[in-house]
Amino acid sequence: MPLTFGEYVLFKGRGLYTISEGKIVNSFRGCLDDLEKLTYSTYLCELIDISMVDDESNAVLFKELVTSLYLLNSNALDNEILIRAFEIKLLKATGYALDLENCCKCKRRLSYCDYISLAYSGGVCNRCEKSYGIPISSSTYNILRYLNFYSLDNIYKLKINDNIKKELYSIMKSLIGSIYQRRPKSLDMLDIIKESGDKNE
Ligand SMILES: [Zn+2]
């Protein structure tokens, strides 16, 4: 079953693993019965796939993934905010943490920022050269900082308007594409869902 979180006993044969025992902890049924949640949870798994290599373990990232699936399954918060927050945690857990407190080029403290560098994964101050990056509005920048700072189970109070959501989506999409050099395919499905949602508004 897709999305099954469980405990398994594995035996390694010639390069392949065989499961000899297994116990299901949670099968996230709530995510399987809802197309948007199913797409989002598939996307989370795909992000793990593009950011890790086989047999690599990452306990921090595993915890963030399971927490996200529980939150997605429970309707505890806005799905889109949760996904953006997971993307930010993924960058952090795989060694590409966003630097949003200081300029990523000169390390000067940032009190205001309107540009995110894709090359350095962080905010650029007004004195440094703004190249290979994306402009960002100050409200979106503040949300990005908030999501970067607080843990996943602490972001449920956050409310974000649609313009900021769109800007965040496009910035995170560019960052992920630039860092991992691979683009998750389920994002295309997310775009289709979003477009049909926009048309219905
Ligand atoms: Zn600077």
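For ligands, and for the atoms within them, numbers begin at 1 and follow the listed sequence.
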SG (C103) to the Zn ion (ligand 1) to SG (C125) angle, given to the nearest 10 degrees: 110°
C106 atom SG and C128 atom SG as seen from the Zn ion (ligand 1), angle to 10 degrees: 110°
Aromatic ring proximity Y156/Y150, centre distance under 6.0 Å: no
N, O or S atom of C104 closer to the Zn ion (ligand 1) than 2.8 Å: no
Pair R145 + E101, salt bridge at N-O below 4.0 Å: yes
Qualifying residue, where the test is salt bridge (charged side-chain N to carboxylate O under 4.0 Å, His left out) with D78 and the options are K165, K157, K159: K165
Parallel, tilted or perpendicular: rings of F28 and F5 (30°, 60°): parallel
